[in-house]
Peer 1: 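Just dropping this structure here.
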Amino acid sequence: MPPTAKTMRADPPTPGPTAGGRWEAELGTVRVCFGNGRLAELGEAARDLGASRVLLVTDPGLVAAGHAAAAETALRAAGLAVAAYSEVPANPTSEDVERGAARAAAHRPDLIVALGGGSAMDFAKGINFLHTNGGRMADYRGLQRPARPLLASIGVPTTAGTGSDAQSYALISDPATHRKMACGSPQARFRTVLLDPRLLLTAPRRVAAAAALDALSHAVESAVTRRRNPLSDLYAREAWRLLEGACERALAATGRSENETQGTESWSAMLLGAHLAGAAIEQSMLGAAHACANPLTARFGVIHGEAVALMLPHVVRFNAAAGEDGYAALARTAGLEGIPAEAVAGRLEALREAAGLPSRLSDCGVERPDLTRLAADATEEWTGRFNPRPVTEDDLESLYESAF
């Protein structure tokens, strides 16, 4: 059976001994709590960190789904004073974060909780920088050691995608250029992460699909970068095993209430896989697919997960010339036959098709004359320099051409 035609597994991998298994672990300085219903334990987790006043950062979709109210209820039941900022947009800019920081200044929190996808996670980290140390987000670009300590924070992801819940960086857009600034500090990592698979069941299918392919891209790119190491390899391979094995089944169950049990099992694997992929990024960074994807979001508004899913198979094939053995490990993990890079690229294309995401740049409003400018933008993206095969501006334009 060719890798592009792989069938769904009858028993997708799950992160516990039984479906919906509950467990806790310490990953470095981060406490990870996994299992259905973990959101109800948010107040206890906040108290464990010494909180008395909490700022809850979330988005309108989570308010509409009822998850924000459930989070507030859990926090108030623990005797905590709570204020919510629920206007987090997709791809937040530094100006957006400044508005959130004003809300923090009014409430004077001693703990920040992020409830949502990558935007909420990054937004909360951005607020933490500005509330504790002042200035603007551009001041924190790169890896920083702020003069004053950041607040403790808790991450509660509601998508299996960005892996921001496992990382020390916030990706915040520059409002003038729309390019993403990576603003980081070891202190910005969440002290506690609550992974509750049931929160993922209410995500709109397109959001869930884009997030799932984004998580897969993190596992694939972090497995081959120049900065990879034995620890990042472990995270990346396990993330790939979980994500690749459960993706189709999870997306098939999204939005179908009769498949709640099946969906929870599959999304359990996806949620843990996305977190581990984020942990792999923290150790290994990313590559040329993300360098190509970010300009597509900045210039054409292509959803990040869709952009990286479109570019990644082409980057994998490009990197094959470097003799990258990381793809061989991924192919073995997924039981894919044939030339490893081609097998992985084909599997990614099959998963992208199953997710219903665009397969050509021409389907995303991009025209051929735009490719030169996109390539110039991509050369400025920091992730490209970690790609296992060096990429020039001409190489990047060729990658866009392949995807056109």
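Predicted model, so just to flag it, every value in this text is computed and none were measured.
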Peer 1: Give a yes or no on whether a salt bridge exists between Arg179 and Glu381, defined as a side-chain N under 4.0 angstrom from a carboxylate O.
Peer 2: yes
Peer 1: Would you mind reporting whether Tyr140 and Met181 have side-chain heavy atoms less than 4.5 Å apart?
Peer 2: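 Side-chain contact under 4.5 Å: no.
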Peer 1: Does Asn294 form a side chain to side chain contact (heavy atoms under 4.5 Å, CB included) with His304? I'd like the steps, not just the answer.
Peer 2: CA-CA 7 Å; Asn294 288 340; His304 174 73; 3.6 Å; yes
Peer 1: Are Arg38 and Glu44 close enough for a salt bridge, meaning some N to O gap below 4.0 Å?
Peer 2: no
Peer 1: Using distance alone, with no hydrogens and no angle criterion, decide if Ser173 and Asn91 have a side-chain donor and acceptor under 3.5 Å apart.
Peer 2: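 Side-chain D/A pair, Ser173 to Asn91: absent.
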Peer 1: Hey, are Glu282 and Ser168 close enough side-chain-wise for a donor-acceptor pair under 3.5 Å?
Peer 2: yes
Peer 1: For Ala354 versus Arg205, what's the shortest heavy-atom pair and its separation?
Peer 2: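 Of all heavy-atom pairs spanning Ala354 and Arg205, the closest is O-NH2, 3.3 Å.
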Peer 1: Under 3.5 Å, is there a donor on one side chain and an acceptor on the other for Ser359 and Glu349?
Peer 2: no
Peer 1: Just so I know, are the side chains of Val207 and Thr159 near enough to count as touching, which here means a heavy-atom distance under 4.5 Å?
Peer 2: yes
Peer 1: Cation over ring, Arg389 on Phe318, under 6.0 Å and within 45°?
Peer 2: yes
Peer 1: What heavy-atom pair brings Ala236 and Ala280 nearest, and what distance separates the two atoms?
Peer 2: N-CB, 3.8 Å
Peer 1: Take a 6.0 Å sphere around CZ of Arg227 and say whether it holds more than 12 heavy atoms from other residues, nucleotides or ligands.
Peer 2: yes
Peer 1: Can you tell me if Arg53 has over 12 outside heavy atoms packed within less than 6.0 Å of its CZ?
Peer 2: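 Atom CZ in Arg53 is crowded, with more than 12 foreign heavy atoms closer than 6.0 Å.
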Peer 1: Under the criterion side chain to side chain donor-acceptor pair (under 3.5 Å), I'd like the reasoning laid out for Ser232 against Ser222: C-alpha separation, chi angles, the key distance, then a yes or no.
Peer 2: CA-CA 7 Å; Ser232 68; Ser222 63; over 6 Å; no
Peer 1: Using every non-hydrogen atom in the two residues, find where His131 and Ala104 come nearest and quote the distance to one decimal.
Peer 2: CE1-O, 3.6 Å
Peer 1: Just so I know, are the side chains of Asn36 and Arg22 near enough to count as touching, which here means a heavy-atom distance under 4.5 Å?
Peer 2: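 SC-SC contact between Asn36 and Arg22 ruled out.
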Peer 1: Do NZ/NE/NH1/NH2 and the carboxylate oxygens of Glu72 and Arg76 come within less than 4.0 Å?
Peer 2: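 The answer is yes: the pair qualifies as a salt bridge.
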Peer 1: Got a donor-acceptor contact below 3.5 angstrom from the Trp267 side chain to the Ala250 backbone?
Peer 2: yes
Peer 1: Do other residues, nucleotides or ligands put more than 12 heavy atoms under 6.0 Å from Arg206 CZ?
Peer 2: no
Peer 1: Kindly determine whether Arg31 and Asp48 satisfy side chain to side chain contact (heavy atoms under 4.5 Å, CB included), including the steps that lead there.
Peer 2: CA-CA 11 Å; Arg31 177 189 175 204; Asp48 287 346; 3.4 Å; yes
Peer 1: At what distance, to the nearest 0.5 angstrom, does CG of Asp233 lie from CZ of Arg228?
Peer 2: 4.0 Å
Peer 1: Would you find a donor on one side and an acceptor on the other, under 3.5 Å apart, between the side chain of Tyr400 and the backbone of Cys292?
Peer 2: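 Yes, because the side chain of Tyr400 sits within donor-acceptor range (under 3.5 Å) of the backbone of Cys292.
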Peer 1: Can you name the closest pair of heavy atoms from Ala246 and Ser266 and give their distance?
Peer 2: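 Here Ala246 and Ser266 meet closest at CB-O, 3.7 Å.
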Peer 1: Compare all side-chain heavy atoms of Ile281 with those of Leu286 and state whether any distance is below 4.5 angstrom.
Peer 2: yes
Peer 1: Is a side-chain donor-acceptor pair under 3.5 Å present for His67 with Thr202?
Peer 2: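 Judged by distance alone, the side chains do pair up.
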Peer 1: Parallel, tilted or perpendicular: which one describes the rings of Trp382 and Tyr169, with boundaries at 30° and 60°?
Peer 2: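 Judged by the thresholds at 30° and 60°, the geometry between Trp382 and Tyr169 is parallel.
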Peer 1: Using 0.5 Å steps for rounding, measure from the CE atom of Met270 to the OG1 atom of Thr264.
Peer 2: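 Between Met270 CE and Thr264 OG1, I get 14.0 Å after rounding to 0.5 Å.
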Peer 1: Is any side-chain heavy atom of Arg136 closer than 4.5 Å to a side-chain heavy atom of Glu98?
Peer 2: yes
Peer 1: What is the distance from atom OG of Ser402 to atom CE of Met311, rounded to the nearest 0.5 Å?
Peer 2: 7.5 Å
Peer 1: Carefully, step by step, assess Cys33 and Val193 under the rule side chain to side chain contact (heavy atoms under 4.5 Å, CB included).
Peer 2: CA-CA 6 Å; Cys33 305; Val193 176; over 6 Å; no
Peer 1: Checking Asp395 against Ser398: is there a side-chain donor and acceptor pair closer than 3.5 Å?
Peer 2: no
Peer 1: Hey, is the main chain of Ala309 close enough, under 3.5 Å, to the side chain of Arg352 for a donor-acceptor pair?
Peer 2: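 Yes: the side chain of Arg352 pairs with the backbone of Ala309.
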Peer 1: Out of curiosity, Asp96 CG to Phe123 CZ, how far, rounded to the nearest 0.5 Å?
Peer 2: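 Interatomic distance, Asp96 CG to Phe123 CZ, rounded to 0.5 Å: 5.5 Å.
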Peer 1: So, does Thr225 use its side chain to make a donor-acceptor pair with the main chain of Asn387 at under 3.5 Å?
Peer 2: no
Peer 1: Taking Ala328's backbone N and O only, do any of them form a donor-acceptor pair with Asp325's side chain (distance below 3.5 Å, no angle check)?
Peer 2: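 Answer holds: no.
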Peer 1: Provide the closest heavy-atom pair for Trp240 versus Arg347 in the form atom of the first, atom of the second, distance.
Peer 2: CH2-CG, 4.3 Å
Peer 1: Within a reach of under 6.0 Å around CZ of Arg373, are more than 12 heavy atoms found that belong to other residues, nucleotides or ligands?
Peer 2: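 Atom CZ in Arg373 is not crowded, with 12 or fewer foreign heavy atoms closer than 6.0 Å.
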Peer 1: Should we say atom CD of Glu401 is surrounded by more than 12 heavy atoms from elsewhere, each under 6.0 Å from it?
Peer 2: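 More than 12 heavy atoms, drawn from other residues, nucleotides or ligands, come within 6.0 Å of this atom.
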Peer 1: Under 6.0 Å from the CZ atom of Arg360, do we count more than 12 heavy atoms belonging to anything else shown?
Peer 2: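 Yes - once you tally the heavy atoms of other residues, nucleotides and ligands closer than 6.0 Å, there are more than 12.
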Peer 1: Return yes if some donor-acceptor pair links the side-chain N/O of Gln167 with the main-chain N/O of Gly163 below 3.5 Å, else return no.
Peer 2: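 Pair found, side chain donor or acceptor close to backbone of Gly163.
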Peer 1: Has the side chain of Glu221 got a donor or acceptor atom that lies under 3.5 Å from a matching backbone atom of Ala288?
Peer 2: yes
Peer 1: So, for Ala114 and Ala120, which heavy atoms are closest and what is the spacing to 0.1 Å?
Peer 2: CB-O, 3.8 Å
Peer 1: Do Tyr327 and Asn319 have side-chain N/O donor and acceptor atoms under 3.5 Å apart?
Peer 2: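 A donor-acceptor contact under 3.5 Å links the two side chains.
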Peer 1: I'd like to know whether CD1 of Ile339 has more than 12 heavy-atom contacts from other residues, nucleotides or ligands below 6.0 angstrom.
Peer 2: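 Result for CD1/Ile339: open.
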Peer 1: Check Val156, Leu39, Leu115 against Leu194 for a side-chain contact (heavy atoms from CB on, under 4.5 Å) and give me the one that passes.
Peer 2: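 Output: one option passes, namely Val156.
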Peer 1: With heavy-atom distances below 4.5 Å as the criterion, would you say the side chains of Glu24 and Val32 are in contact?
Peer 2: no
Peer 1: Output yes when a side-chain donor or acceptor of Thr297 lies under 3.5 Å from a complementary backbone atom of Val302, and no otherwise.
Peer 2: yes
Peer 1: Please walk me through it: do Val54 and Ile112 pass side chain to side chain contact (heavy atoms under 4.5 Å, CB included)?
Peer 2: CA-CA 6 Å; Val54 178; Ile112 298 175; over 6 Å; no
Peer 1: Do Asp59 side-chain atoms and Ser86 backbone N/O form a donor-acceptor pair below 3.5 Å?
Peer 2: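 Not at all, since once roles are kept as given, no pair shorter than 3.5 Å links the two residues.
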Peer 1: When you check the gap from the basic side-chain N to the acidic O, do Asp370 and Arg299 get nearer than 4.0 Å?
Peer 2: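 Salt bridge between Asp370 and Arg299, a charged N being under 4.0 Å from a carboxylate O: no.
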Peer 1: Rounded to the nearest 0.5 Å, what's the gap from CZ on Phe404 to CG on Leu399? Could you check?
Peer 2: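 Reported to 0.5 Å precision, the distance equals 15.0 Å.
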Peer 1: Check whether the side chains of Ser164 and Lys125 place a donor and an acceptor atom closer than 3.5 Å, and report yes or no.
Peer 2: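 Yes, a side-chain donor-acceptor pair sits under 3.5 Å.
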Peer 1: Between the side chain of Gln144 and the main-chain N/O of Gly184, is any donor-acceptor distance below 3.5 Å?
Peer 2: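 Pair absent, no side-chain N/O of Gln144 close to backbone of Gly184.
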Peer 1: Any non-hydrogen side-chain atom of Val308 less than 4.5 Å from a side-chain atom of Leu213?
Peer 2: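 A side-chain contact under 4.5 Å is absent here.
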Peer 1: With rounding to the nearest 0.5 angstrom, report the OG to CG distance, Ser217 to Leu351.
Peer 2: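 Reported to 0.5 Å precision, the distance equals 12.0 Å.
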Peer 1: Using 4.0 Å as the upper bound for N to carboxylate O, is an ion pair formed by Arg47 and Glu41?
Peer 2: no
Peer 1: Would you indicate whether the side-chain heavy atoms of Asn133 and Leu150 approach each other to under 4.5 Å?
Peer 2: yes
